[in-house]
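Input: a single structure, listed below in structure tokens.
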Amino acid sequence: MKNKIWTTLLSCIGLFHDARSQSTETMASAMRSNGKIYVVVAVLATIVAGLFLYLIRIDRKVSKLERDL
């Protein structure tokens, strides 16, 4: 019974991966041809930079609280 569940789960993951890779290739090529890929990269870079700045700010606050204690 356990092996059947694992086999089904792995099969579903494999099918999802195949379908996803095909759609992302066509979507990426369409965005690249329209020039929108740069907008996507800029938005992602902004989000990641914001997360890093937020983590740095939280770390400084926690360090200050640890020193005060």
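For reference, positions follow the sequence shown, starting with 1.
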Run the side-chain contact (heavy atoms from CB on, under 4.5 Å) test against [X] and tell me which residues pass, sequence neighbours left out.
| X | answer |
| --- | --- |
| K61 | R57 |
| I47 | V43, L51 |
| V48 | F52 |
| L44 | V40 |

### Query
Got a sec, which hydrophobics cluster with L55, joining ILVMFWY side chains under 4.5 Å apart, including via others?
none
### Query
With ILVMFWY side chains joined below 4.5 Å, transitively, what does I58's cluster contain besides itself?
Y54, V62
